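For reference, the structure discussed in these notes is given below.
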Amino acid sequence: MTSSYLSVALGPVRLANPIATASGTFGYGLEFADVLDLSSIGALFTKGLSLQPHEGNAPPRICETPSGMLNAIGLQNVGIETFLREKLPLLAAAGATVFANIWGDEEEEYVEIARALSGAPGLAGIELNISCPNVRKGGMLFGNSPEATASLVGKVRKATDAPLVVKLSPNAPDLVESARAARGAGADVLSLVNTFVGMAVDPETGAPRISFGTGGLSGPAIRPLAVRMVHQVHRALPDAPLWGIGGIETLSDVLEFMAVGASAVQVGTANFRDPGVSARLVRELDAWCAERSIAARDLIGRTP
Amino acid sequence: MRDIKARVTSRTDHAPGLFSLHCSAPDLAAGVRAGQFAMIGVEGRSRPFLRRAFSVADVDRHAGTVEFLVKVVGVGTACLSALVPGEEVALLAPLGNAFTASDLARGDRVAIVAGGVGVAPFPLLLRELGSRGVVADLFFGGRSAPDLAYRAKISPLVTGAEKDATDDGTAGEPGRVTDLLARTLGGGGGYRRVYACGPTPMFRSLARVLDGKGIAAEFSTEAPMGCGFGVCLACVLPKPGGGFLVSCQEGPILAPSAVDWSRCR
């Protein structure tokens, strides 16, 4: 939806509106075409892509928890070749603003993927996933130390001119330091947060409910934690454009994240239970802003 | 798929904790094919977080309603159990692929194997088979007699023989429904196709029973689903030789050979 009330900028990224959909909760976007217009949302983030197709973890992979869920999918994906050949052209034709979320076991894999994606027609930018808790190697390991974060982001930055988003882990020992490291190494935008490492166990057998043992907690259960983290990073790094993520389901959740410093938001787990939710939030935010004659960009960072 | 707001029109109790929910959804009733499913969500404070997957059991095209068979096993199904006529549910539907029946002709014989609440997708299939003049035998198994309480609804749709088995012998023959089928196949059977829906152990033993018999089979698989339309990638089943298929997207109706049953929990 194009409305002067809704456009926002995150560094080099210009969005028609601040409502995006989070990686891992929106497939490759095309799955949603029956229930929403992909061009109406601000942006979509693909399932985490790797150099080669990846099969993911053994089931069971998810478990419902109070106001949310645990998952350990393990980054199952089609690989960048298939994405570029079969998914991106259709997304571009549908008018979607597409960010490719990417991950690897080693720094070199991230670099190679970033190179392969650079200049791909229809791609708005790249999001580095350094925060997935559900793979044995790579993923969150890069996000757990500011040094590893800086090293990886720096190398990917050199490899691509595409707008670079870095998705941070709430499980990092010091989120502000991770954010500072990513920005210092050339990240244009920070996404926060990914899922929190959690666990659920069958009380009868004592066995973990997810085959991986632990999983990433998402959904409204994590919202106050994510709001606090966005606020904290925004206070420490007021110039860093932030994409807020964590249990967003309603317009008031969007306004809350923007108030604490997010320039845009990503709707995640809510897409599973309500596939039309992101497009509806765009309409609701539009109406809310129009009613008050206020621009969405003026809603950012109002919380002291 | 569409996200349909549907009113509950009525509820039919079959046994304690086993009931049918009828919802008004004329377009779905007109278009859904046997074997497809819906993700059902309930609004309100105490709702479970995710929707739950249910086969469309039957439709009444004249009344514009669809039927779902529900067994209360956890918070999601307990929430559905608390619904009263007039309340609204959200149906993401139709989802998944359908049973194949269009290649069958008058006089063909098929077997349907149902384990407990796995009988759910078969009223609609039986209607289609019946309209084609196909003779369908129903093999219905459960732990105990109450698990077969849906028989009152489904029996009138069965055009062939009905054979029951229960683990405790309280209805039909004592033992497993797959053993019943194995004995029938031993005597010939002459089935063009076997359709099955039930728990994983039933699929595992049925796949063994059918192995090498040269009978086409379609299993309505079930794996815990988060979304129902291929996005969350929770409902995966192991493939022979490695890797996974996504039950909601590539199924739920699958050939037994598509799944490595020995690696299913």
Side-chain angles (χ1 to χ4, degrees), chain A residues 21-36 46-48 53-78 134 207 209-211 215 217-221 247 249 268-277 279-280, chain B residues 1-5 39-53 73-79 89-96 200 221-239 241-249 259-260 262-265:
Chain A
T21 52
S23 177
T25 66
F26 208 66
Y28 304 99
L30 304 164
E31 298 88 338
F32 288 77
D34 281 358
V35 291
L36 59 81
T46 68
K47 179 79 192 158
H54 190 74
E55 72 179 33
N57 297 330
R61 291 173 164 188
I62 68 166
C63 162
E64 184 166 306
T65 57
S67 292
M69 60 180 276
L70 287 168
N71 90 80
I73 305 303
L75 294 171
Q76 177 176 343
N77 78 96
V78 299
N134 300 325
R209 290 199 187 271
I210 291 179
S211 71
L217 181 65
S218 65
E249 289 193 309
T269 307
N271 292 310
F272 295 155
R273 56 176 306 272
D274 186 1
V277 62
R280 198 174 62 243
Chain B
M1 69 177 184
R2 285 182 53 221
D3 199 1
I4 303 159
K5 301 280 179 237
M39 294 296 290
I40 307 184
V42 181
E43 293 302 321
R45 269 193 176 280
S46 60
R47 65 170 164 81
F49 183 67
L50 298 166
R51 300 192 195 199
R52 299 292 191 265
V73 294
V75 291
T77 45
C79 180
V89 291
L91 306 177
L92 192 67
L95 298 169
T200 298
T221 58
E222 191 194 48
M225 290 176 184
C227 70
F229 57 103
V231 170
C232 77
L233 305 180
C235 63
V236 293
L237 295 167
K239 290 194 283 194
F244 301 102
L245 54 79
V246 180
S247 171
C248 73
Q249 200 175 40
V259 177
D260 181 351
S262 71
R263 288 201 292 142
C264 286
R265 281 184 25 169

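By convention in this document, chain letters (A, B, ...) are assigned in the order of the sequence lines, proteins followed by strands, and residues within each chain are numbered from 1. Fair warning: this is a prediction, and the values are worked out from it, not measured in the lab.
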> Looking at B:Gln249, B:Arg263, B:Met225, B:Arg51, which makes the most heavy-atom pairs under 4.5 Å with chain A?
Replying inline: B:Arg51
>> For chain A, which candidate among B:Leu237, B:Asp3, B:Leu233 shows the most heavy-atom pairs at distances under 4.5 Å?
In response: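 Most heavy-atom pairs under 4.5 Å with chain A: B:Leu233.
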Which of [options] touches chain B most, by non-hydrogen pairs under 4.5 Å:
options                             : answer
A:Lys47, A:Glu55, A:Met69, A:Glu64  : A:Glu64
A:Ala221, A:Ala58, A:Gly219         : A:Ala58
A:Gly27, A:Pro275, A:Ser67, A:Gly24 : A:Pro275
A:Gly276, A:Pro60, A:Gly68, A:Pro53 : A:Gly68

> Looking only at heavy atoms, what is the nearest atom pair of B:Phe229 and A:Phe272, with distance?
Replying inline: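 Shortest heavy-atom separation between B:Phe229 and A:Phe272 comes out as CE2-O, 4.1 Å.
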> From B:Cys227 SG over to A:Asn271 CG, what is the distance, rounded to the nearest 0.5 angstrom?
Replying inline: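 One gets 9.5 Å once the value is rounded to the nearest 0.5 Å.
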> Looking at CG of A:Asn71 and SG of B:Cys232, how far apart are the two atoms once the value is rounded to the nearest 0.5 Å?
Replying inline: 8.5 Å
> Would you find more than 12 non-hydrogen atoms of other residues, nucleotides or ligands less than 6.0 Å from A:Glu249 atom CD?
Replying inline: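 Yes, because the 6.0 Å sphere around CD of A:Glu249 holds more than 12 heavy atoms from other groups.
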> Given a strict heavy-atom distance threshold of 4.5 Å, which part of B:Met39 is in contact with chain A: side chain, backbone, both, or neither?
Replying inline: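 It is neither, since no heavy atom gets under 4.5 Å.
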>> At a 4.5 Å cut-off on heavy atoms, which part of B:Leu92 comes close to chain A: side chain, backbone, both, or neither?
In response: side chain
>> Between B:Phe49 and A:Thr269, does the side chain to side chain contact (heavy atoms under 4.5 Å, CB included) criterion hold? Intermediate values first, please.
In response: CA-CA 10 Å; B:Phe49 183 67; A:Thr269 307; 3.3 Å; yes
>> At a 4.5 Å cut-off on heavy atoms, which part of A:Asn57 comes close to chain B: side chain, backbone, both, or neither?
In response: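 Contact with chain B: backbone only.
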> Given that the side chain runs from C-beta out, which part of A:Tyr28 has a heavy atom under 4.5 Å from chain B: side chain, backbone, both or neither?
Replying inline: neither
